[in-house]
Each structure stands twice: as C-alpha cells, then as structure tokens.
Amino acid sequence: MSTVRPEIACIDETCTSLNVHERALDIAVPHYDWISMPIIAVVDGLIHINPDDEPQPGQDAKH
C-alpha cells in the first residue's frame, strides 16, 4: 500500500480472505468527498504540490 497515499485502497499483502470483499468494494466504489477533494486538487495544482511525491528533507510527511 502506498505510504504517501494510504487512503487509496488496493489489493496487497494486507488483504485476507476475511477482508477481501470490503477491500474490493473500496476499490470498485471509492469513498470520494465531492466538495473538498476538487478544492484541494485545485489548490495543490496552483501551488504545485504532487501528493505522490516523496517529502523533501526537512518537510513533514503529512504536508
């Protein structure tokens, strides 16, 4: 699972037979905040922040 974007669901080594159904639902129908996510994307684009980039030295991992 991505350490930069842990909110993105994926099938990885943490997936088991007990949680595969919930994980598949999260992948197929992701939870999306239709109000704040576009605003955050526009602001990130204006100030040139790529959420998939590794944090720079001296920069907090959570931005």
Side-chain angles (χ1 to χ4, degrees):
M1 189 170 271
S2 173
T3 58
V4 177
R5 304 283 303 273
E7 72 274 7
I8 299 174
C10 65
I11 302 294
D12 59 4
E13 66 275 353
T14 63
C15 190
T16 66
S17 61
L18 299 175
N19 69 357
V20 70
H21 181 73
E22 289 82 16
R23 188 76 58 94
L25 283 175
D26 285 341
I27 292 170
V29 185
H31 303 284
Y32 189 77
D33 183 357
W34 292 98
I35 301 297
S36 65
M37 293 303 289
I39 295 170
I40 291 171
V42 168
V43 171
D44 287 349
L46 290 174
I47 58 177
H48 304 288
I49 293 178
N50 185 351
D52 294 324
D53 284 346
E54 292 294 324
Q56 299 297 320
Q59 191 179 35
D60 188 18
K62 292 184 179 181
H63 296 288

Clusters formed by hydrophobic residues whose side-chain heavy atoms approach within less than 4.5 Å: which one holds [X], and what are its other members?
X     : result
Ile40 : none
Val20 : none
Ile27 : Ile11
Val42 : Leu46

Can you name the residues that form a side chain to side chain contact (heavy atoms under 4.5 Å, CB included) with Ile35, not counting sequence neighbours?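 If we apply the side chain to side chain contact (heavy atoms under 4.5 Å, CB included) test to Ile35, skipping adjacent residues, the hits are Asp33.
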Can you name the side-chain hydrogen bond (donor to acceptor under 3.5 Å, both in side chains) partners of Thr16, sequence neighbours left out?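 Per chain and number, Thr16 pairs via side-chain hydrogen bond (donor to acceptor under 3.5 Å, both in side chains) with Asn19.
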